[in-house]
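Here is the structure we will look at.
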Amino acid sequence: MPKSRWLADEYIKERLEMVLSMRGRVKLEDFKILFMIPVDDSRILDLAKECGFKVSKANRGIVIELRKKA
């Protein structure tokens, strides 16, 4: 993980974009393990919202999923 907060945020955003190519839903815990991201959960969720993901509590964990377009 980059030491700079801005670089760390960009790293996380890039990894969130990778999730889009894999599937539309991923549990936060799985995301952190898959990409070895040692960052506070709330920061990841804030960045996910910024990237257009919907953050919801489901299936016994926080799930990051694509926002449905109207």
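Keep in mind that this is a model prediction, so the values were computed, not measured. The analysis underlying the following values was restricted to heavy atoms, covering all of them including side chains, and did not include hydrogens, waters or symmetry mates.
A search for side-chain contact (heavy atoms from CB on, under 4.5 Å) contacts involving E14 returns nothing, not counting sequence neighbours.
What you find for F31 and I12 is that their closest heavy atoms are CZ-O, 4.1 Å. Annotation for K32 and V39: closest pair NZ-O, 3.3 Å, computed over non-hydrogen atoms. Taking every heavy atom of both residues into account, F35 and Y11 meet most closely at O-OH, 3.5 Å.
Annotation: the span from I44 atom CD1 to L28 atom CG amounts to 5.0 Å, rounded to 0.5 Å. For the atom pair CG (D46) and CG (D40), the distance works out to 9.0 Å, reported to the nearest 0.5 Å. In this structure, L47 CG and R15 CZ are separated by 13.0 Å, a value rounded to the nearest 0.5 Å.
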